[in-house]
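Single-structure report; data block below.
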Amino acid sequence: MQETISFAPHLAASPITGILWLIPTVPIVASGVIALLKQPKRKTAATLAIASLSFSLLLSLVAFAHVVAGWAHGVAVRETVNFTWIQVGTASVDLGWVLDPLAAVMLVMVAFVGLLIFIYSTGYMEHDENFTRFFCFMSLFAGAMLGVVIANSLLLLFIFWELVGLTSYLLIGFWYQKPAAAAAAKKAFLTTKVGDVFFLLGMVWLFAQTGTLLFYNNGAGSLEFGALKGLLAQPGAWGLTAAGAIGLLIFAGAAGKSGQFPLHVWLPDAMEGPTPVSALIHAATMVAAGVYLIARVYPLMQAGALAGGTTAALTVVTWVGAFTAVFAALIAVAQNDIKRILAYSTVSQLGYMMAGLGMGGVAVGMFHLITHGFFKALLFLGAGSVIHGCHEEQDIRRMGGLRADMPLTFFTYAIGMLALCGFPLLFSGFWSKDGILEAAKHWTVAKTPFYLLVFGALLTAFYMTRQVGYVFFGYWRGKKPAHESPAVITVPLAILAFFAMALGLIGTPAWPWFRAFLDGRAVGFDWHGFAEPGLLGLMATSTVVVFLGLGLGWRLYGGQAPTPEEPDVLEKAAPVAWGWLRDRLYVDELYGVTVIAFYWWWARVADWLDRRVWGGVVAGVAWAFRGWAQLNQFLDNNVVDGSFDKGCDELASGGGLLAAVQTGRVQTYLRILALSVVALAAILIWSSLP
């Protein structure tokens with residue numbers, strides 16, 4: 001069911017809002033300090049990173065408590081601090097930060113999950129020679145994401161957004177000596193930049209139309225009534241209003257960061273980075289940024305919708321999300337790398353979040369983002385524990401029977417797996433996923449997304465059961481005996497496992513605390529919430545689908561998974577389809593022969609133009625000027641200088657003659673005067689004769 005979010009009026013900033021900027025700043029400053037440390041200062045680097053994020057978590061909890069307290073007293077808190085960054089004449093560019101329920105819950109999730117990953121990393125990266133550099137990048141990464149969350153300006157959000165992209169590049173390619181890691185880092189950076197270009201265009205268009213990039217500014221913000229009314233009155237493109245067109249451009253940026261089809265190709269390759277990086281990217285930071293962006297600009301995306309209706313922008317978000325959810329889940333079925341399976345699972349779950357935003361509103365999509373942040377961090381860190389215990393092995397076909405060798409890892413991983421599958425009642429993923437399915441069921445535009453998402457839920461339960469069957473059941477198929485990970489790794493797993501279960505309590509129909517909190521309305525515990533028409537039937541359908549996926553997966557892989565040399569069960573049954581899924585439906589190859597081939601061709605054309613055309617023009621101009629210079633030299637040496645020298649010689653000769661006459665002797669001058677008089681007299685006499 002589509003919701004209309006009603007935003008509270010602007011409130012004066014409280015003391016905690018006034019210092020909200022410290023939440024991203026402290027980890028960023030810590031990153032700068034760590035960058036100045038020498039490599040042996042490993043303990044200092046880890047301490048600075050963990051302490052800075054702990055400080056950010058503490059402030060985030062205080063901010064969250066402030067918002068909850070206001071909400072409990074009937075005040076929907078939205079406090080902003082805005083300031084002028086650049087002033088040019090009468091025009092200005094303003095930045096600011098905001099504290100509201102959306103920012104508050106996201107701050108706590110990012111800081112808390114990030115802190116657990118930081119602590120986990122001290123054990124996982126213990127023997128890495130670049131330990132100090134790792135925590136420098138991780139601290140910068142976390143600070144950048146926290147900056148995205150608090151931004152009250154699309155420009156400030158974009159600045160931190162690009163910083164997130166930079167740090168993801170640095171961390172994915174952290175082991176840059178590996179060609180695959182270096183290539184994956186470049187792929188992630190360039191692919192996300194495709195979306196970022198559209199994001200930038202949307203941002204410029206929004207500023208041109210509204211004169212501001214602030215979200216909220218006492219009624220003058222770009223997401224407030226006056227600006228949205230103006231955007232709806234302006235024509236955009238393809239029959240859309242300016243609001244719809246700008247919303248789609250911004251969604252393109254979100255699709256890049258959150259790995260939505262067709263810009264999903266970078267996200268699975270990001271597994272080349274260290275496992276803590278994978279957990280941070282896939283759970284709390286980079287991929288969550290795109291979903292959070294759509295939630296933040298939701299008033300723009302929803303502008304012009306009738307009550308219970310949708311908009312063109314939200315319709316696109318829904319279809320892209322639903323398709324991505326199934327597309328990625330299908331590919332995950334045929335992967336054998338333990339982290340790559342989880343990577344495609346992340347792409348699929350991000351599709352669920354986008355579809356939830358499109359059909360159900362902010363609370364529906366964000367609830368799944370928050371629960372997913374915990375159980376997907378748990379799964380990635382659990383995968384890291386498995387890799388650590390299996391001596392860096394990542395191929396699930398070379399594992400097996402680890403439930404006996406790694407009982408703590410198995411127990412926590414099973415909780416994360418069941419939460420991801422949406423196992424009924426006990427796990428948070430069930431409630432957040434069912435919220436999306438409920439919204440899809442009531443979506444008035446079409447029913448296809450509902451069926452796609454149900455099928456995606458079936459695939460999720462199946463491929464996760466396949467993975468667990470390969471890794472934890474059967475017999476050990478590796479070369480060296482496996483071992484349990486140390487406490488610094490397993491304790492964060494236990495904490496995340498607890499929240500993977502407990503968070504479901506705030507999103508049940510009997511107590512929909514999370515949705516009420518984001519919507520700014522009161523909530524109470526009421527069992528009658530389960531009596532909503534069609535809800536129990538939906539829950540039953542979801543339960544049957546999950547058990548069907550779990551049962552089918554266990555039937556094929558629970559008893560004994562094949563050895564690495566044997567083909568997979570499904571590969572035997574459908575080798576062609578398996579090959580397509582194993583090779584990721586050849587999307588990368590398609591890009592290779594189209595987009596990448598075009599740019600290679602264009603690069604060669606540009607090189608030819610540079611060398612032959614523009615280089616030839618430059619060489620011709622240089623030749624012409626060189627010839628002109630030589631002509632000038634000839635004229636200067638032979639004409640100008642020659643004439644000047646000849647004139648000087650004549651003057652010198654004349655001067656010599658005059659010098660001979662000017663002797664300084666009076667007698668000589670008198671003789672010349674006498675001769676001159678005689679000559680003059682002779683001329684006069686001669687002229688007077690008849």
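Since the model is a prediction, treat every value here as computed from it, not as a measurement.
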Mind telling me whether [Y] and [X] have parallel, tilted or perpendicular rings, with 30° and 60° as the class edges?
X: Trp97; Y: Trp21; value: tilted
X: His264; Y: Phe327; value: perpendicular
X: Trp601; Y: Phe598; value: tilted
X: Phe374; Y: Phe112; value: tilted

Is there a donor-acceptor pair under 3.5 Å between the side chain of [X] and the backbone N or O of [Y]?
X: Asn152; Y: Tyr216; answer: yes
X: Ser222; Y: Leu214; answer: yes
X: Ser139; Y: Pro27; answer: yes
X: Thr346; Y: Leu342; answer: yes
X: Thr192; Y: Ala188; answer: yes
X: His442; Y: Glu438; answer: yes
X: Lys376; Y: Ala279; answer: no
X: Ser348; Y: Ala328; answer: no
X: Ser258; Y: Leu350; answer: no
X: Ser92; Y: Asp94; answer: no

Counting only heavy atoms not in [X], do more than 12 sit closer than 6.0 Å to its [atom1] atom?
X: Lys229; atom1: NZ; answer: no
X: Tyr586; atom1: OH; answer: yes
X: Phe158; atom1: CZ; answer: yes

For the residue pair Tyr352 and His372, is the inter-centroid distance of their aromatic rings smaller than 6.0 Å?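 Distance test on ring centres: not under 6.0 Å, no.
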
Could you tell me the separation between the [atom1] atom of [X] and the [atom2] atom of [Y], rounded to the nearest 0.5 Å?
X: Lys257; Y: Ser168; atom1: NZ; atom2: OG; answer: 6.5 Å
X: Phe251; Y: Leu300; atom1: CZ; atom2: CG; answer: 13.5 Å
X: Leu213; Y: Phe207; atom1: CG; atom2: CZ; answer: 6.0 Å
X: Leu146; Y: Ile23; atom1: CG; atom2: CD1; answer: 7.0 Å
X: Thr167; Y: Met286; atom1: OG1; atom2: CE; answer: 8.0 Å
X: Thr594; Y: Tyr599; atom1: OG1; atom2: OH; answer: 10.5 Å

Pick from Phe514, Phe430, Trp431: which one makes a ring pair (Phe, Tyr, Trp, His ring centres under 6.0 Å) with Phe367?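 When ring pair (Phe, Tyr, Trp, His ring centres under 6.0 Å) is applied between Phe367 and each of Phe514, Phe430, Trp431, only Phe514 qualifies.
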
Under 4.5 Å between any side-chain heavy atoms of [X] and [Y], yes or no?
X: Ile172; Y: Ile281; value: yes
X: Leu95; Y: Leu155; value: yes
X: Lys441; Y: Thr541; value: no
X: Leu369; Y: Met106; value: yes
X: Asn218; Y: Glu224; value: no
X: Met359; Y: Val364; value: no
X: Leu330; Y: Leu459; value: yes
X: Phe380; Y: Met271; value: yes

[X] and [Y]: which non-hydrogen atoms are nearest, and at how many Å?
X: Asn82; Y: Gly96; value: OD1-CA, 3.6 Å
X: Phe261; Y: Val320; value: O-CG1, 3.7 Å
X: Ser278; Y: Gly273; value: OG-O, 4.0 Å
X: Tyr344; Y: Ala332; value: CB-CB, 3.8 Å
X: His66; Y: Ser14; value: NE2-OG, 3.3 Å
X: Ala355; Y: Leu453; value: CB-CD1, 4.1 Å

From CA spacing to verdict: ring pair (Phe, Tyr, Trp, His ring centres under 6.0 Å), Trp513, Trp71: CA-CA 11 Å; Trp513 185 94; Trp71 172 67; 5.4 Å; yes

Identify the residue among [options] that makes a side chain to side chain contact (heavy atoms under 4.5 Å, CB included) with [X].
X: Ser60; options: Leu107, Leu20, Val105; result: Leu107
X: Arg296; options: Val98, Leu154, Val149; result: Val98
X: Ile250; options: Phe199, Trp205, Phe198; result: Phe199
X: Phe64; options: Val62, Val67, Val68; result: Val68

Step by step, work out the side chain to side chain contact (heavy atoms under 4.5 Å, CB included) result for Leu102 and Tyr298. CA-CA 11 Å; Leu102 178 61; Tyr298 196 79; over 6 Å; no

Pair Leu61-Val108, side chain to side chain contact (heavy atoms under 4.5 Å, CB included): steps then yes or no: CA-CA 6 Å; Leu61 289 171; Val108 173; 4.0 Å; yes

Between Phe160 and Ile28, is a side chain to side chain contact (heavy atoms under 4.5 Å, CB included) present by the stated rule, with each step listed? CA-CA 11 Å; Phe160 283 115; Ile28 292 174; 3.9 Å; yes

Side chains of Thr371 and Ser432, donor plus acceptor under 3.5 Å: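 Side chains of Thr371 and Ser432: pair found under 3.5 Å.
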
Could you go step by step and tell me if Val113 and Ile117 meet the side chain to side chain contact (heavy atoms under 4.5 Å, CB included) rule? CA-CA 6 Å; Val113 173; Ile117 294 172; 3.9 Å; yes

Is any side-chain N of the basic residue among Lys193 and Asp196 closer than 4.0 Å to the acidic one's carboxylate O?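 Salt bridge between Lys193 and Asp196, a charged N being under 4.0 Å from a carboxylate O: yes.
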
Hey, is Lys186 close enough to Asp269 for a salt bridge, meaning N to O under 4.0 Å?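 Answer for the salt bridge query: no.
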
